[in-house]
2 protein chains.
Amino acid sequence: MSVKYTSSTENYLKAIFHLQKSDGIVTTNDVANELQTRPASVTDMLKKLKAQKLLIYEKYKGFKLSNEGRKVALQIIRKHRLWEYFLVEKLSFGWDEVHEIAEELEHISSKKLIDRLDEYLGFPKSDPHGDPIPDSNGKFTLPKQVDLLNLPLNKVAEVSSIGDQSPEMLELLGDKGIALGTKLEVKKKFAFDNSLELKIKNQSMVTVSEHVAKNVFVKYDE
Amino acid sequence: MSVKYTSSTENYLKAIFHLQKSDGIVTTNDVANELQTRPASVTDMLKKLKAQKLLIYEKYKGFKLSNEGRKVALQIIRKHRLWEYFLVEKLSFGWDEVHEIAEELEHISSKKLIDRLDEYLGFPKSDPHGDPIPDSNGKFTLPKQVDLLNLPLNKVAEVSSIGDQSPEMLELLGDKGIALGTKLEVKKKFAFDNSLELKIKNQSMVTVSEHVAKNVFVKYDE
DNA sequence: ATTTAATTTTAGATTTGTCTAAAATTAATT
DNA sequence: AATTAATTTTAGACAAATCTAAAATTAAAT
Ligand SMILES: [Mn+2]
Ligand SMILES: [Mn+2]
Ligand SMILES: [Mn+2]
Ligand SMILES: [Mn+2]
C-alpha cells in the first residue's frame, strides 16, 4: 500500500532523479545546490532515504535512487506536471509562472485526486514546458526532438521543450516570441559563434545565441 | 504584505474560528478535541499565536481570535471551500469525499491561484455542503435558513446546508436521498419524539429522527 | 609522494510541533 | 469553607529538518 512521505523527502527524491538524468552521477554538492540547502543537510537526508530503502548509498562512495525511490520520484513528477498543465490550460496562467505553485501542489497526497485530474485534463502527454507526463504507472514516452543547433536550415519545426527553464531564460524566450508549440525555422547559422537567425511563424526574424539554441528543443517531420 | 503561516498555524486558526462560531467561548480542551491533539500542545500554540498577534490570550483567562487572526482564518476557509467546490463540480467527487483532500489543498499559498480558481468556477456562493464561500476580502453572506424542525408543514423547501457533517451523517442522508439542493416538504411531525415524515421530490416518503432534522437546513420562499 | 584543496561526513545546536508527567489554577462538591 | 475534580499550563523530552564548525576522506597539485 502507498506509503506517505514528507514534502522534504519528496523534494530530495525529485532533485536526485533530475540530476541523475542529466549527469548520470550525482554528488552531495549537486543536491545541495539544486535544493538551496547545505551539504551537511543533504548527508542527513541521504541517510534517511537509505533507511527507507529509497536510495542506494555508501558514505563517500556516492548514491543513486533505488527502484522504489525512482518510482516515488516519478509520481511526484507526474503530479507536478499535471498541475502545471491544469494551471496553464484551465486557469490561464503563463507557462513561466506555474513552476512555483506546482512545487507546492505536487505534495498533495490523494492518488484519486491526481487520477481524476488527469482524466479531467484529457490525459495530456506533456506539460507546458514540453516535458513528458508519466502515466499512473510511472511510464512515459520521450518525444523525439533535437535542439535548434541540430535543426537543418529552412526546415519548419515546432518548439517542444526547453532545457534551461530559469526565469531569465523564460523571460528571454517570451520576449523573442518563442513559446511551446511555436512554429519556426532556422534561416542562417553563423559559424563564428554558432548564433542563429530564426524565422518565427507570423513574426519577424530574431537572432539567438548558441546558449539559447542549445536549450530550445523542437520536433519536425522526417 | 501577506505573511506566510505554517499549515499547523492555519489549522489552529481555522479550528478556533469554527468553535467561536458555534459556542462563542472556546476552551483549550475544545481545540485539542477538534484537532485531535493534546491540551499541552494547544497551550504551546496559543502562545505562538499570541506572539504573532493572531490571538488575544491571557493564560487561564481564555482566548479569541484577533481581527488579523479572523482575517487569516477566513482566507483558509475560502480556499478550503473553493477547492471542495472544484472537486465536486469539475472532478466529479462526491460531497462526502472532498473534505480530507481540501484539508490539504487549503494550505497552498498562492493568492493568485485561488483568485483564478474562484473565477474559473464562476464565483460560487457556497460549497458542496451549503457553507458560504468568503470572497477575496473575507466577506460572505449567510443564507437565511431554518432547520427541518422549524419548517412549516407542507411547505416546499430546498436543502441548503448540513450541520453535522460527519461521515455517518452524510451516509445516512445519502441513503435517504437527501442532498444539497434536494427539494422536500415536511408532511407530518410526531410530537412524541419530534421525528418527521418527509416527502422528497421525485421519491417516496422517508422518516428522520429529531437529531437528523436539527442538522438539515433549508431555504424556502416567504 | 607529499602537500594542499575540495568534498563529504560527523558533532553539536536550533526551530517547530508534538508528547507525557507534574504543577498551578479554576470549578464543582461535599 | 474545605476538599475533590477538572482544566490549563509548565517542565522536560523527542523527532524532523535544518544549520555551523570541525573532522574525515578523497581528489588535485606540486
Ligand atoms: Mn516541491
Ligand atoms: Mn514543467
Ligand atoms: Mn488543513
Ligand atoms: Mn465544506
Side-chain angles (χ1 to χ4, degrees), chain A residues 3-16 19-20 22-65 69 72-73 76 103-104 106-109, chain B residues 3-16 19-20 22-65 69 72-73 76 103-104 106-109:
Chain A
V3 192
K4 175 65 166 123
Y5 300 103
T6 67
S7 291
S8 186
T9 295
E10 293 182 343
N11 285 335
Y12 273 93
L13 291 175
K14 191 159 62 89
I16 296 169
L19 291 167
Q20 249 173 215
S22 38
D23 302 284
I25 194 78
V26 191
T27 70
T28 302
N29 272 343
D30 287 342
V31 178
N33 186 57
E34 176 80 11
L35 293 178
Q36 297 282 68
T37 185
R38 294 294 173 177
S41 308
V42 174
T43 302
D44 288 341
M45 181 56 88
L46 295 181
K47 289 192 280 195
K48 288 174 201 158
L49 293 176
K50 183 188 182 181
Q52 292 177 276
K53 298 191 188 304
L54 297 169
L55 194 72
I56 295 158
Y57 167 57
E58 294 302 331
K59 65 177 174 176
Y60 291 114
K61 298 286 186 64
F63 52 89
K64 63 179 183 190
L65 293 179
V72 175
I76 308 304
E103 202 59 44
E104 287 184 55
E106 71 189 359
H107 304 293
I108 302 295
S109 58
Chain B
V3 193
K4 176 59 167 129
Y5 300 104
T6 67
S7 290
S8 186
T9 295
E10 293 182 343
N11 285 335
Y12 273 93
L13 290 175
K14 189 159 64 89
I16 295 169
L19 291 166
Q20 250 173 215
S22 39
D23 302 285
I25 194 79
V26 191
T27 69
T28 302
N29 272 343
D30 287 341
V31 177
N33 186 59
E34 176 80 9
L35 293 179
Q36 299 282 69
T37 186
R38 295 294 173 176
S41 309
V42 174
T43 302
D44 287 341
M45 182 57 88
L46 295 181
K47 289 192 281 194
K48 288 173 201 160
L49 293 176
K50 184 188 182 182
Q52 294 176 274
K53 300 190 186 304
L54 296 169
L55 194 73
I56 294 156
Y57 168 57
E58 292 301 330
K59 65 177 173 176
Y60 291 115
K61 299 286 187 61
F63 52 89
K64 64 178 183 190
L65 293 179
V72 175
I76 308 303
E103 204 57 46
E104 287 184 54
E106 71 189 0
H107 304 292
I108 302 295
S109 58

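It should be emphasised that the depicted structure is a prediction, and the values quoted were computed from it without experimental measurement. Proteins come first, then strands; the chains are lettered A, B, ... in the order of their sequence lines, and each starts at number 1.
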Legend entry - Distance (rounded to the nearest 0.5 Å) between B:Lys64 NZ and B:Leu19 CG: 16.0 Å

Legend entry - Value rounded to 0.5 Å, distance of CZ in B:Phe63 from OG1 in B:Thr27: 6.5 Å

If I take atom [atom1] in residue [X] and atom [atom2] in nucleotide [N], what distance separates them, rounded to the nearest angstrom?
{"X": "A:Leu46", "N": "C:dT7", "atom1": "CG", "atom2": "P", "result": "16 Å"}
{"X": "A:Leu49", "N": "C:dT9", "atom1": "CG", "atom2": "P", "result": "13 Å"}
{"X": "A:Asn11", "N": "D:dA16", "atom1": "CG", "atom2": "C1'", "result": "15 Å"}
{"X": "A:Lys47", "N": "D:dT18", "atom1": "NZ", "atom2": "C1'", "result": "13 Å"}
{"X": "A:Lys50", "N": "C:dT8", "atom1": "NZ", "atom2": "P", "result": "17 Å"}

Legend entry - With sequence neighbours excluded, residues passing side-chain hydrogen bond (donor to acceptor under 3.5 Å, both in side chains) with B:Glu10: B:His107

Inset, instruction - Output all residues satisfying side-chain hydrogen bond (donor to acceptor under 3.5 Å, both in side chains) with A:Glu106, sequence neighbours left out; order by chain, then residue number. - result: A:Lys14, A:His80

Inset, instruction - Would you please test B:Ile108 and A:Ile108 for side-chain contact (heavy atoms from CB on, under 4.5 Å) and show each step? - result: CA-CA 9 Å; B:Ile108 302 295; A:Ile108 302 295; 4.1 Å; yes

Legend entry - Heavy atoms from other residues, nucleotides or ligands near NZ of A:Lys4 exceed 12 (cutoff 6.0 Å): yes

Inset, instruction - Would you indicate, yes or no, if D:dA17 has its OP1 or OP2 atom less than 4.0 angstrom from a side-chain nitrogen or oxygen of A:Tyr5? - result: no

Inset, instruction - May I ask you to verify if any side-chain N or O of B:Thr43 is less than 4.0 angstrom from the OP1 or OP2 atom of D:dT9? - result: yes

Inset, instruction - For B:Phe63, report the nucleic acid contact type (base, sugar-phosphate, nothing); a contact means any heavy atom under 4.0 Å. - result: nothing

Using a cut-off of under 3.5 Å, enumerate the N/O to N/O pairs linking the protein to nucleotides 22-26 of chain D.
from: D:dA24; atom 1: N3; to: A:Tyr60; atom 2: OH; distance (Å): 3.4

Inset, instruction - Please list residues of residues 24-40 of chain A whose heavy atoms come under 4.0 Å from any atom in DNA chain D, ordered by number; otherwise none. - result: A:Thr37, A:Arg38, A:Ala40

Under-3.5 Å N/O pairs linking protein and nucleotides 12-17 of chain C:
from: C:dG17; atom 1: OP1; to: B:Thr6; atom 2: OG1; distance (Å): 2.6

Legend entry - Smallest separation among heavy atoms of A:Leu65 and A:Ala73, with atom names: CD1-CB, 4.3 Å

Distance-only criterion, 3.5 Å: show the donor-acceptor pairs between side-chain atoms of residues 34-60 of chain A and protein atoms not counting sequence neighbours.
from: A:Thr43; atom 1: OG1; to: A:Pro39; atom 2: O; distance (Å): 3.3
from: A:Lys50; atom 1: NZ; to: A:Tyr57; atom 2: O; distance (Å): 3.2

